[in-house]
Amino acid sequence: MLVLAALGSGLPVVLGADAPRPPARDPAGAEEPAASAARRLGERIATQLDRQSRALRDGDRAGFLAIADPAARANLTRRFAALRALRVSVWRAEPDGPPTREPQRPGQWRQVVTLRYCLVVPDCTPSPVPVVTRWREAGDAPVLVAVEESRYGRTGARPWEVSELVVAVGERSVVATTPAQRGRLPGLLAQVEAAARVADRYATAGTPPDRYRVFYAGRAEWKRWYGGGRPAWTAGYAVSIGGGHHEVVLNADTLRPTGVGELLRHELTHAASLPARGHPARDTWWLMEGLAEYAGADGAPVVRYEGLDQVRRLAGAGWNGRLDSLAPADDAPADRVGGSYGVGYLAVHHLVDRYGEQPVLDFFRTVVHRRVPVGRAAEQVFGERWTTLHDDCVNYARAVAS
């Protein structure tokens, strides 16, 4: 198997503790003074955020920084440059409820804000990013003191929040990395554009992504972007960021030049095929990864698949023969991981050989998007009992790898 890849998924969530609350009122129904003051400050903060959002969309760096304390401007300058390089096309900053006082910072307030953004395409569904901001009262124009990294849900900080970025934009993709990896951008863009043409065929919801978004991570960025913490065997992953968008991250430390194309086809197929709300339970892992591996192979003969030895070792090492048990643990050894991906690939390949690509994509959509149980989906799409098909897929995988 050329390269191992993992699927990550997570949608930003709204903080329960920061969910909007109605203003406090006294028993007579009047708004209490403290709540009234917070509401008025929140309105002024919203005005400042609107001003900053317009400046970002217009490419006005001075206007973007104008609402901020000098101590916050280095961070905001980096964010501005990264977002403009990524060709941000939609940007809205929306307060979530009223601000609250910072008890350890007199005169400062905490405001949860949802950032909503699109890249390149102006009419996309924006991705939401909940962040915490801090403000200092200053008459009618409160001053932005700090913007924290987004750390809510499983998604973690976006690259543009924490890193300086250089970017290349193609017809079907946006590719970004750090200045230290700048020399890789032209080649990466060409490889991503080629992979996008393959991945577009597996858009199971009907419409391919408006742009495939790929981030090439050095060692430090791999540990930090989107929360880091990926299994040691991961060479890349696709993460759901909301709004129907996925972003792909490649691990520069583990990539071999001969494996980049296959990995990109795999991960971009995740971006094209998976539902906006993330993927379902681990028992359908084989189907999601099997389709991505099938796309990664891009029509190559089965005998050229590099994971066949690992499939053979998995089959002889106590695997219970169940497709729904293939998902490897984070600390699984490389052979176990490679064998699991390989069995998923061979199972999907067998279904395609038997029914054709479109029925298999219909099956994928029924199971992964509509969350129909596999048994019922097999009868609906293929007109056959899943118990029989399952055993046929497993026997095929064993036979090919033997």
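For P128 against R116, the heavy-atom pair with the smallest separation is CB-NH1, 3.5 Å. Pairing each heavy atom of R101 with each of E137, the nearest pair is NH1-OE2, 3.9 Å. Contact record, A38 with W109: CB-CZ3, 3.9 Å, taken as the closest heavy-atom pair. Closest approach of V343 to L314, counting heavy atoms only: CG2-CD2, 4.0 Å. For D69 against V143, the heavy-atom pair with the smallest separation is N-CG1, 3.3 Å. Smallest separation of non-hydrogen atoms from R87 and V169: NE-CG2, 3.7 Å.
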- Given the rule in the side-chain contact (heavy atoms from CB on, under 4.5 Å) test, do R354 and Y396 qualify, once you have shown the distances and angles that lead to the verdict? CA-CA 12 Å; R354 187 163 178 171; Y396 174 79; over 6 Å; no

- Query: Run the side-chain contact (heavy atoms from CB on, under 4.5 Å) check on V214 and L268 step by step: do they pass?
  - Reply: CA-CA 9 Å; V214 177; L268 267 57; 3.9 Å; yes

- Query: Given S273 and L291, is the side-chain contact (heavy atoms from CB on, under 4.5 Å) satisfied, shown in steps?
  - Reply: CA-CA 9 Å; S273 65; L291 182 68; 4.1 Å; yes

- Show your working on side-chain contact (heavy atoms from CB on, under 4.5 Å) between N251 and T234 and close with a plain yes or no. CA-CA 8 Å; N251 185 352; T234 310; over 6 Å; no

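Y202 places a side-chain heavy atom less than 4.5 Å from the side chain of L361. Side-chain contact between Y212 and V175 is absent, with no heavy-atom pair separated by less than 4.5 Å. Contact of the Y226 side chain with the R158 side chain is registered, since non-hydrogen atoms from C-beta on lie closer than 4.5 Å. Using a 4.5 Å cut-off on side-chain heavy atoms (C-beta onward), E221 and Q181 make no contact. Taking 4.5 Å as the limit, every side-chain heavy atom of W386 sits out of range of all side-chain heavy atoms of R376. A 4.5 Å side-chain heavy-atom check between S127 and R213 finds at least one atom pair inside the cut-off. Inter-residue side-chain proximity for W135 and L144 is flagged as met; some heavy-atom pair is nearer than 4.5 Å. The shortest side-chain heavy-atom distance between R134 and R105 falls under the 4.5 Å cut-off.
Atom CD of residue E164 and atom OG1 of residue T77 lie 11.0 Å apart, to the nearest 0.5 angstrom. Note that CZ of R211 and OG of S173 are 8.0 Å apart. Values are rounded to the nearest 0.5 Å. One finds the CG atom of D58 at 12.5 Å from the CZ atom of F64 (value rounded to the nearest 0.5 Å). Note: L264 CG to L250 CG = 5.0 Å, rounded to the nearest 0.5 Å. Here the CG-CD distance, from N75 to E161, works out to 9.0 Å after rounding to the nearest 0.5 Å. Rounded to the nearest 0.5 angstrom, T366 OG1 and E379 CD are separated by 12.5 Å.
A donor-acceptor pair is defined here as one N or O able to donate and one able to accept, closer than 3.5 Å; no such pair exists between the side chain of S340 and the backbone of A327. Side-chain atoms of H350 never come within 3.5 Å of backbone atoms of L389 as a donor-acceptor pair (strictly under, hydrogens ignored). With hydrogens and angles ignored, the 3.5 Å screen pairs a side-chain donor or acceptor of H390 with a backbone N or O of L323. R51 places no side-chain N or O within donor-acceptor distance of the main-chain N or O of G63, the cut-off being under 3.5 Å.
Using modelled atom types and a 3.5 Å distance limit, the side chains of T114 and E94 yield no donor-acceptor pair. Under the 3.5 Å distance criterion, with hydrogens and angles disregarded, no donor-acceptor pair is assigned to the side chains of E293 and H349. Checked by atom type, the side-chain pair E357/Y294 shows a donor-acceptor distance below 3.5 Å. With no hydrogens or angles considered, a side-chain donor-acceptor pair links S36 and R40 at under 3.5 Å.
Using cut-offs of 30° and 60° on the angle between ring planes, the pair F215 and W225 is perpendicular. Under the 30°/60° scheme for interplanar angles, the aromatic rings of Y305 and Y345 are found to lie parallel.
For W319 and W286, the ring centers sit 6.0 Å or farther from each other. Remark: aromatic rings of W222 and Y237 are close, center separation under 6.0 Å.
Under the 4.0 Å criterion applied to side-chain N and carboxylate O atoms, E43 and R39 are assigned as salt-bridge partners.
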